[in-house]
Amino acid sequence: MPSPDQAVDTLAADSPVTFPTDGPAPATYPCDLPAENRPPEPDYYLFSTPERSLEQIRTVQAEMIPGTFTPPPADWGPLQRARRLLTEGGDFHLLGLGDSIVNDTMRSGWVGLLQEAYPRARVRGTVCVRGCGGCQHYKLEERIAKVVVPLRPDVVYIGGISQADIESIREVVGQLRAGLPEVEVLLATGTFGRADPRDPVALAAAPYSGTGPWGAALQALAAELGCAYLDMTGPWAEYLRSTGVHPHLFFRDAVHANEFGEQILARIMMAFWTAQA
């Protein structure tokens, strides 16, 4: 089985895109809504979302290369309070916790689309991220108690490609519930990174993939702890394959999504959050 490092060559070998050597490719559509940023400590970021207006989201989605994916199954069982707030009305606060991939997912503006889909609710979002930030970082130095708990989110979405181990996620979920007994948790697999989504074997070998051992372990943890589970890897890879173009057209550098790639993530999130039970 090829390693994720071997998959780097497969993805880069036939790429039609030359990324800048220093930093990402410039965005065609920079975010048009200001974010309130309150960094809790060096290398950590805490800010509001959505950072894109509905008008900008629709413009980007209209211009992106079309594709399709199989919607992820509904998993409302562990999100009953969230579902009630969204459908019946109330303040609903979702916090994304993780790394730059979680940042890209939240920057897509999908939280604004969630508000549009559930007009009875008052939806807001917060992003708490760190470069290469997984639960192995957030579990330390009382970061959950000091940073996340005071924000009182109704749902914490934990994802990205930087989770080091299942046990750290278990510990973070425990810390969240100790400080917020009513909090609900969504555990999601990763997207983007260096694995080639056109190569099922290489993709399954990626240490964040929902199509391989990581996905099975994360889904088992979700079932054990009563968390919701979302495999983002499969729908993301399916969308990219369905376009018939090279995946790098949806990247801003060798690892991260551009604004068009972000909208794939937004569509996956919205398919999950609007699925019928």
Side-chain angles (χ1 to χ4, degrees), residues 24 27 29-54 56-57 60 79 82 91-116 121-139 143-163 169 172-173 175-176 179-180 183-193 208 228 230 232 236 252 255-259 261-270 272-273:
Y29 291 100
C31 295
D32 63 344
L33 294 180
E36 179 187 351
N37 189 10
R38 310 181 302 278
E41 60 180 295
D43 299 324
Y44 289 80
Y45 302 90
L46 183 69
F47 50 91
S48 60
T49 189
E51 299 168 78
R52 298 188 186 278
S53 65
L54 292 177
Q56 185 179 66
I57 292 169
V60 175
L79 297 171
D91 293 318
F92 177 72
H93 181 199
L94 183 140
L95 183 140
L97 183 70
D99 59 6
S100 55
I101 304 300
V102 169
N103 181 24
D104 292 351
T105 304
M106 300 298 283
R107 188 174 53 228
S108 70
W110 77 271
V111 172
L113 296 171
L114 189 69
Q115 173 66 85
E116 183 180 50
R122 293 176 295 276
V123 178
R124 64 188 179 97
T126 302
V127 187
C128 183
V129 292
R130 176 191 189 274
C132 299
C135 287
Q136 66 273 15
H137 298 286
Y138 295 107
K139 71 180 183 180
R143 290 190 175 101
I144 297 300
K146 292 178 179 177
V147 178
V148 177
V149 169
L151 299 172
R152 304 192 64 79
D154 299 293
V155 171
V156 175
Y157 145 54
I158 298 173
I161 65 173
S162 306
Q163 304 296 342
I169 299 175
V172 164
V173 172
Q175 291 180 19
L176 286 167
L180 298 166
V183 76
E184 295 173 330
V185 179
L186 170 61
L187 304 181
T189 62
T191 59
F192 287 90
Y208 52 81
L230 169 58
M232 296 188 72
W236 163 77
R252 70 176 184 270
V255 173
H256 300 96
N258 60 23
E259 59 266 55
E262 289 175 5
Q263 291 309 313
I264 301 175
L265 307 182
R267 287 177 169 176
I268 295 169
M269 276 292 193
M270 287 303 296
F272 178 84
W273 282 94

- For Val147, what residues pass the side-chain contact (heavy atoms from CB on, under 4.5 Å) criterion, not counting sequence neighbours?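 In terms of side-chain contact (heavy atoms from CB on, under 4.5 Å), with neighbours along the sequence ignored, Val147 is linked to Pro40, Leu46, Cys128.
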- How long is the gap from CG on Leu94 to OG1 on Thr126, to the nearest 0.5 Å?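 Result: 8.5 Å between the selected atoms.
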Measure from the side-chain N and O atoms of [X] to the backbone N and O of [Y], and report whether any donor-acceptor pair falls under 3.5 Å.
X      : Y      : answer
Ser100 : Gly131 : no
Tyr208 : Gly160 : no
Asp99  : Val102 : yes
Gln136 : Gln163 : no
Gln115 : Arg124 : no

- Sort and list the pairs that fulfil salt bridge (charged side-chain N to carboxylate O under 4.0 Å, His left out) and have at least one residue in residues 37-51, not counting sequence neighbours.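 Checked against salt bridge (charged side-chain N to carboxylate O under 4.0 Å, His left out) - neighbours excluded - the pairs reaching residues 37-51 are Glu36-Arg38, Glu41-Arg143.
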- Ala145 and Pro150: which non-hydrogen atoms are nearest, and at how many Å?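 Heavy-atom minimum between the residues: O-CD, 3.2 Å.
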- What heavy-atom pair brings Pro50 and Leu33 nearest, and what distance separates the two atoms?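 Minimum heavy-atom contact is O-CD1, 3.9 Å.
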- Message: Asp91: which residues meet the salt bridge (charged side-chain N to carboxylate O under 4.0 Å, His left out) condition with it, sequence neighbours left out?
- Response: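 Per chain and number, Asp91 pairs via salt bridge (charged side-chain N to carboxylate O under 4.0 Å, His left out) with Arg122.
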- Message: Can you classify the ring geometry of Phe192 versus Trp236 as parallel (below 30°), tilted (30 to 60°) or perpendicular (above 60°)?
- Response: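 Judged by the thresholds at 30° and 60°, the geometry between Phe192 and Trp236 is tilted.
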- Taking NZ, NE, NH1 and NH2 as the nitrogens, is one of them in Arg52 or Glu259 under 4.0 Å from a carboxylate oxygen of the other?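 A salt bridge is absent here (no side-chain N lies under 4.0 Å from a carboxylate O).
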